[in-house]
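Below is one structure, written out as structure tokens; the observations come after it.
So that the names make sense, note that chain A is the first sequence line, chain B the second, and so on, each numbered from 1. Any value given below was found using the heavy atoms of this structure, including those in side chains, with hydrogens, waters and symmetry copies removed.
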Protein chains: 2
Amino acid sequence: MKRVTLEEVARVAGVSRATASRVVNGASSVDESLRHAVQKAISSTGYLPNIAARSLVTRRAAAIGLLLPDEHRMNGDPHLASVVSGVTRVVRPLGIHLVLMMTGPGTRAQAMSDLRCGRLDGVILVHTDPADPVPGQLIAAGLPVVLAGRPLKPMPITYVDVNQTEGAALAGRRLKALQCRRIATITGPQDTPAGQDRLAGFLAEVPDAVVVHGDFTRQSGITAMEKLIRCCPDVDGVFVASDLMANGAIPVLHRSGRKVPDDVAVVGFDDSSAALTSEPELTTVRQPITDMAAEMARQLLRQITEPRSPATAVVFEPSLVVRDSG
Amino acid sequence: MKRVTLEEVARVAGVSRATASRVVNGASSVDESLRHAVQKAISSTGYLPNIAARSLVTRRAAAIGLLLPDEHRMNGDPHLASVVSGVTRVVRPLGIHLVLMMTGPGTRAQAMSDLRCGRLDGVILVHTDPADPVPGQLIAAGLPVVLAGRPLKPMPITYVDVNQTEGAALAGRRLKALQCRRIATITGPQDTPAGQDRLAGFLAEVPDAVVVHGDFTRQSGITAMEKLIRCCPDVDGVFVASDLMANGAIPVLHRSGRKVPDDVAVVGFDDSSAALTSEPELTTVRQPITDMAAEMARQLLRQITEPRSPATAVVFEPSLVVRDSG
DNA sequence: GAAGGGCGTGAGAGCGCTCTCCCAATCCTG
DNA sequence: CAGGATTGGGAGAGCGCTCTCACGCCCTTC
């Protein structure tokens, strides 16, 4: 199994290496007969371009990174497969590799090195810690980055997000439409944009809602719901800011003798797998994760091809998925 | 922001490029003072080796692929984050990239190309379709591959798996210990090794168990359980061959007026997130996914460094996680 | 004190590709 | 039909790195 080089293809086709290269890269100006000869040579020799060599001269790695939080935080996030799928869809046809990096000590530094030494053309940052200095460093260095989700502090960085505020409002309208009279919400962490926006959007729609805080974890959903039915026993509608929390909260309602949705309507957020493994299945706010991921990839590619293009924010509209819980 | 090359480092350190290279790659025989000078030059210039150039001459991409089934099948699998995490743990300290590829039309062919043109040093195959010819082609071509899970047909390929048979036996013993008298199992698909082994292992322990077939999906768990309580109403213990199916099956029991675990004990398999989002939480058979993934990475690396090393099977022992369902 | 053996170092040849010249051939225009 | 404009193709210079090879130095040994 010997390696076939462009040189060999050229020899077989009876042209120069330059012309063979033109054909491989689809350059315009090659005579049709020569193009044909080269293509025949390529398939007869089984030629595959050596990416390392190409990368060395073009200074493109043809690879992008996906920076994820560590396993633990990720387990709460049901979206990994969808994100990967969306990015892949855009990136694969271009022959670009998707490199996964999970946060650990030094991961982000590693990603920066990979970017700077040309091993990665750009990165998508998921679930970035608001205090993380890396996004700032990256944009300062003019390196292509896209954030999943609005950054906590406004900064000139491209990001893709769902309209969290509107999603929460959707949930609020649903509960009102169900004639709920005593409405509450279990929030996400208030030091994250998603947590903030979902609360704000919900309050805009249901200003007198009872507010209990959670942190997006299932356990916090349990605790918050226990607190809620203690302090507000007549609650009949609750917007839980993540499906995972809702999944924890519903059994608490059941144990307290309340039926879902008859006594208490529950609306979640995310349309994650937890929405389907809940009993009853969750009515929830859906984010088009795969499409959003694809858009992140597109935005990143744009930045790679046009280095100095301005930061953009792309915001997707959420939708309400009505199931059995409310 | 200009690129620093080894040439420049060498100039700053007052040595030749060769010596600088030796220091970068930790070669032994370099005089201590020169080594120091080079190291100082490296940090003062902020040198980062260009992987493409290195890769071109060493013929190593320093990247491995993780081939996954498509999003749809993946959603059923809760393990993606754990697998990535385990592989990353082994691979990152070595500066090796993990490239994710999701199955789609042509993905596997793409992976083969990447392997053959030296863009990937090896691949880990997850959830391979038994009919897929790719694993066979890869080993025939002598390319480094590791399978997640035993192949359906015996073949000379390295794989890492959990002792499925023993795991199912663990579940059987648990149900017997709980004094269940009428025991059943909801199986996985019988055209997969995992589906087969879990049934065989369970039957070895509980030969007179009632068998209802499922296919690992949540919906099939619902259907199977409905069938089970119809044809065998006095069932008081059931081993469901995946947590996701168990998650669907338990509400069926509840709706039929049976309490879990009081009337019917349920034991699942996987210890996936579905085990925790079930109500009550699932007693289940745990696979050490992260460790298994790490082992896959190690096996792959071994194959990469020792191309003709023999195929190995590494089998991990499962454990029973006792929670509330049985 | 001369000859032999290490060991550390430098020179230089590539790895396979792209891309910029530059030249030759063709086409158009006056 | 001559001159310029246009176009396609080839030669060759690198991209940044590793690694072989040969050389020089120092230490040993007789």
- The side chain of A:L56 lies closest to which of these nucleotides: D:dC15, C:dC15, C:dC19? D:dC15
- A:T58 side chain vs A:R54 backbone, donor-acceptor pair below 3.5 Å: yes
- Measure from CZ on A:R119 to C1' on D:dC17 and round the result to the nearest Å. 14 Å
- Query: Can any side-chain N or O of A:T312 pair as donor or acceptor with the backbone N or O of A:P310 at less than 3.5 Å?
  - Reply: yes
- To the nearest angstrom, how far is A:R54 atom CZ from D:dG16 atom C1'? 18 Å
- Query: If you check every side-chain atom of A:P49, which of D:dT18, C:dC17, D:dG9 has the closest atom?
  - Reply: C:dC17
- Query: Could one point to a donor on the side chain of A:R22 or the base of D:dG10 with an acceptor on the other under 3.5 Å away?
  - Reply: yes
- So, the side chain of B:R60 versus the backbone of B:I304: is there a donor-acceptor pair under 3.5 Å, distance only? yes
- Message: D:dG16, OP1 or OP2 - any side-chain N/O from B:T5 closer than 4.0 Å?
- Response: no
- Query: D:dG16, C:dC17, C:dA11: which one has an atom nearest the side-chain heavy atoms of B:A18?
  - Reply: C:dA11
- Query: B:L34 near the nucleic acid: base, sugar-phosphate alone, or nothing, with a heavy-atom cut-off under 4.0 Å?
  - Reply: sugar-phosphate
- Distance test, side-chain N/O of B:N50 to OP1/OP2 of D:dC15, below 4.0 Å: no
- Task: Considering just the side-chain nitrogens and oxygens of B:R60, establish if one lies under 4.0 Å of OP1 or OP2 belonging to D:dT18.
- Result: no
- Task: Find the distance B:R17:CZ to D:dT18:P and express it as a whole number of Å.
- Result: 10 Å
- Item | Rounded interatomic separation in angstrom, taking CG from A:D31 and C1' from C:dA25 | 12 Å
- Item | Side chain of A:R59 (C-beta onward), nearest among D:dG16, C:dT18, C:dC17 | D:dG16
- From the list D:dG12, C:dA13, D:dG9, which nucleotide is the closest neighbour of the side chain of A:T19? D:dG9
- Please give, in whole Å, the distance from C:dC15 C1' to B:I51 CD1? 16 Å
- Could you state the OH-C1' distance from B:Y47 to D:dG16, rounded to the nearest angstrom? 7 Å
- Query: Can a salt bridge be assigned to the pair B:D291 and B:R89 using a cut-off of 4.0 Å between side-chain N and carboxylate O?
  - Reply: yes
- What's the CG-P distance between A:N25 and D:dG9, to the nearest Å? 15 Å
- Query: What is the distance, rounded to the nearest whole Å, between atom CD of B:E8 and atom C1' of D:dC15?
  - Reply: 15 Å
Please tabulate, for side-chain N and O atoms in residues 5-12 of chain B, each donor-acceptor pair with protein atoms closer than 3.5 Å (sequence neighbours left out).
unit_1: B:T5; atom_1: OG1; unit_2: B:E7; atom_2: N; d: 3.3
unit_1: B:T5; atom_1: OG1; unit_2: B:E8; atom_2: N; d: 3.4
unit_1: B:E7; atom_1: OE1; unit_2: B:R17; atom_2: NH1; d: 2.9

- Of C:dT9, C:dT18, C:dG16, the nucleotide closest to the side chain of A:L6 is C:dT18
- Query: Can you tell me if the side-chain N/O atoms of A:T58 get under 4.0 Å from OP1 or OP2 in C:dT18?
  - Reply: no
